[in-house]
Amino acid sequence: MGSFSIWHWLIVLLIVVMIFGTKKLKNIGTDLGGAVKGFKEGMKDGSAEGEAPAGQVTNQATADKGTIDVEAKQKS
């Protein structure tokens, strides 16, 4: 039960390729790469200066003082 050598990993890789096939493994890699790229773009868009995160209300000086928050005023 020691560390695995390079030969162990090559045998495992060979078995995985034999089970799934190279085409399916390529598709999985492409899908995973697209997901990572989309995540990075989403993180970039969310950190743009001057934007509030989705669902968060910002304090605006132009807000009407007579505005009532309906959720806060509801009776239980």
Side-chain angles (χ1 to χ4, degrees):
M1 287 234 167
S3 64
F4 291 108
S5 70
I6 187 70
W7 294 110
H8 291 106
W9 291 114
L10 287 175
I11 292 171
V12 169
L13 179 64
L14 179 67
I15 292 171
V16 168
V17 168
M18 287 174 59
I19 291 173
F20 293 108
T22 56
K23 188 173 183 178
K24 182 162 255 184
L25 290 175
K26 180 183 174 190
N27 290 341
I28 291 171
T30 303
D31 292 343
L32 182 63
V36 170
K37 185 177 180 181
F39 177 76
K40 285 182 180 180
E41 288 176 2
M43 292 299 290
K44 224 183 272 186
D45 292 343
S47 65
E49 193 173 321
E51 283 187 22
Q56 184 175 354
V57 178
T58 59
N59 291 335
Q60 295 180 357
T62 60
D64 184 16
K65 299 292 182 193
T67 305
I68 299 173
D69 186 5
V70 176
E71 291 182 20
K73 294 291 183 177
Q74 287 180 343
K75 295 182 181 180
S76 2

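Just so you know, residue 1 is the first one in the sequence shown, and it goes up from there. Here the structure is a predicted model, which means the values were calculated and not measured.
Under the 4.5 Å side-chain heavy-atom criterion for ILVMFWY residues, a single connected hydrophobic cluster contains both Val17 and Ile11. Neither Leu10 nor Val12 shares a network with the other; the hydrophobic side chains, linked directly or stepwise wherever heavy atoms of I, L, V, M, F, W or Y lie under 4.5 Å apart, form separate groups for each. If you chain together hydrophobic residues whose side chains sit under 4.5 Å apart, Ile15 and Phe20 fall into the same group. A continuous path of ILVMFWY side-chain contacts below 4.5 Å connects Leu13 to Ile19, so both sit in one hydrophobic cluster.
Think of Met18 as one node in a network of Ile, Leu, Val, Met, Phe, Trp and Tyr side chains linked at under 4.5 Å; its network also takes in Leu14.
Rounding to the nearest 0.5 angstrom, the gap separating the CG atom in Asn27 from the OG1 atom in Thr22 is 9.5 Å. The distance from atom NZ of Lys26 to atom NZ of Lys23, rounded to the nearest 0.5 Å, is 8.5 Å.
The shortest distance between side-chain heavy atoms of Phe39 and Val36 does not fall below 4.5 Å.
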